[in-house]
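Each remark here refers to the structure printed beneath this line.
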Amino acid sequence: MNLTLKVWRQSGPKDAGRMVTYRVEDVSPDMSFLEMLDVLNERLIVEGDDPIAFDHDCREGICGMCGMVINGVPHGEQRATTTCQLHMRHFEDGAVITIEPWRAAPFPVVKDLVVDRSSFDRIIQAGGFVSVPAGSAPDAHSVPVRKEDADDAFDAATCIGCGACVAACPNGSASLFTAAKITHLSLLPQGQPERLTRAKAMVEQMDAEGFGGCTNTGECTAVCPKGISLDTIAQMNSDYLKANAK
Ligand code: FES
């Protein structure tokens with residue numbers, strides 16, 4: 001496959017940035033998207049150019065590092081797929097592909113396709129944990145949990161914190177991420193003692209970071225590589241309202 005890439009290049013946070021066009025030839029359809037970028041970077045290094053900076057770690061769809069907007073869609077148009085799990089066979093030979101970083105004020109660009117997502121870390125630090133003594137792991141059947149609650153908690157816990165939800169949202173809202181992190185704890189017995197204080201603290205931190213509000217457009221869940229449900233946002237809003245009513 002031969003491709004034309006239009007890639008966002010930005011040397012640092014203060015640089016204005018621009019799109020730069022590259023030709024990439026003899027790309028195997030079996031390559032992942034990141035492997036295709038690796039090949040381009042090896043060539044840029046040989047030619048004495050600055051390689052394209054992009055984040056990655058596991059390359060298995062579990063760490064959430066590999067965020068980039070491909071042809072206008074966070075992680076590309078393949079549903080429920082992270083960029084590292086996206087393969088070149090999903091593109092046409094001769095395709096023109098645009099690649100940009102997440103664009104949201106609370107995710108400032110560090111370089112090229114790399115953004116600073118420490119705002120997500122601070123939301124977790126505000127309450128995304130269980131701090132009450134929960135003891136050692138009990139026998140599996142000693143704490144009854146409804147099957148539906150266990151399933152919903154597990155589904156919410158699959159959020160990898162990649163930030164695609166923010167990048168897709170016209171409001172730049174982090175509601176889906178924050179709601180997933182609140183919901184996976186609030187549905188389980190260990191999460192109950194701090195349930196309302198957790199929801200209040202995390203929502204307020206989300207607002208303080210400058211993320212926008214949720215207006216139920218649903219773009220977030222459409223691009224989420226883990227398919228996190230909008231139901232988690234309803235759960236978050238319910239807990240947040242109860243916390244304020246108290
Ligand atoms: S590199 Fe870890 S999810 Fe893509």
For residues [X] and [Y], report the shortest heavy-atom separation together with the two atoms involved.
X      : Y      : result
Gln205 : Ala126 : CB-CB, 3.7 Å
Val110 : Asp116 : CG2-N, 3.7 Å
Ser142 : Pro138 : OG-CB, 3.3 Å
Asp57  : Cys63  : CB-SG, 3.5 Å
Asp26  : Asn2   : N-OD1, 3.1 Å
Leu113 : Glu100 : CD2-C, 3.6 Å

With hydrophobic residues grouped by side-chain heavy-atom distances under 4.5 Å, do [X] and [Y] end up in a single group?
X      : Y      : answer
Leu37  : Met65  : no
Val39  : Ile70  : yes
Val24  : Val20  : yes
Val114 : Val109 : no
Ile233 : Ile182 : yes

Under 3.5 Å, is there a donor-acceptor pair between the side chain of [X] and the main chain of [Y]?
X      : Y      : result
Asn71  : Thr98  : yes
Gln10  : Asp15  : yes
Ser173 : Gly212 : yes
Thr232 : Thr183 : no

[X] vs [Y] side-chain heavy atoms within contact, under 4.5 Å:
X      : Y      : value
Leu5   : Ile97  : yes
Gln85  : His75  : no
Pro108 : Pro13  : no
Val145 : Pro189 : yes
Met68  : Leu34  : yes
Thr178 : Glu209 : no
Trp8   : Asp112 : no
Met236 : Val203 : yes

Find the distance between [atom1] ([X]) and [atom2] ([Y]) and round it off to the nearest 0.5 Å.
X      : Y      : atom1 : atom2 : answer
His56  : Ser32  : NE2   : OG    : 10.0 Å
Met19  : Lys6   : CE    : NZ    : 7.5 Å
Cys84  : Ile62  : SG    : CD1   : 9.0 Å
Tyr240 : Met202 : OH    : CE    : 13.5 Å
Asp151 : Arg146 : CG    : CZ    : 10.0 Å
Thr21  : Arg9   : OG1   : CZ    : 12.0 Å

- Message: So for atom CD, which belongs to Glu92, do other residues, nucleotides or ligands contribute more than 12 heavy atoms lying within a distance under 6.0 Å?
- Response: no
- Item | Other residues, nucleotides, ligands: >12 heavy atoms within 6.0 Å of Arg103 CZ | yes
- Item | Electrostatic pair Arg117-Asp121, nearest N-O below 4.0 angstrom | no
Please tabulate, for the side chains in residues 40-49, all donor-acceptor contacts under 3.5 angstrom to protein atoms that are two or more places apart in sequence or on a different chain.
residue	atom	partner	partner atom	Å
Asn41	OD1	Ile52	N	2.7
Asn41	ND2	Ile52	O	3.0
Arg43	NE	Glu47	OE2	3.4
Arg43	NH1	Arg23	O	2.6

- Can you list every pair that meets ring-ring contact (aromatic ring centres under 6.0 Å, His included) and has a residue in residues 10-41, with sequence neighbours left out? Phe33-Phe91
- Can you list every pair that meets ring-ring contact (aromatic ring centres under 6.0 Å, His included) and has a residue in residues 182-237, with sequence neighbours left out? Phe107-Phe211, Phe120-Phe211
Could you pull out every donor-acceptor pair under 3.5 Å between side chains of residues 152-170 and any protein atom, sequence neighbours left out?
residue	atom	partner	partner atom	Å
Thr158	OG1	Asp155	O	2.6

- Message: Could you go through Asp30 and His87, starting from their C-alpha distance and side-chain angles, then the distance that decides it, and tell me whether this counts as side-chain contact (heavy atoms from CB on, under 4.5 Å)?
- Response: CA-CA 6 Å; Asp30 296 326; His87 287 83; 5.7 Å; no
Identify every side-chain donor-acceptor pair in residues 217-225 under 3.5 Å, counting partners at least two apart or on other chains, and give the distances.
residue	atom	partner	partner atom	Å
Thr221	OG1	Ile228	O	2.6

- Message: Side-chain heavy atoms under 4.5 Å apart, restricted to Ile/Leu/Val/Met/Phe/Trp/Tyr: what other residues fall into the cluster of Val132, or is it alone?
- Response: Val130, Leu185
- With distance as the sole criterion, is a donor-acceptor pair present between the side chains of Arg122 and Gln125 under 3.5 Å? no
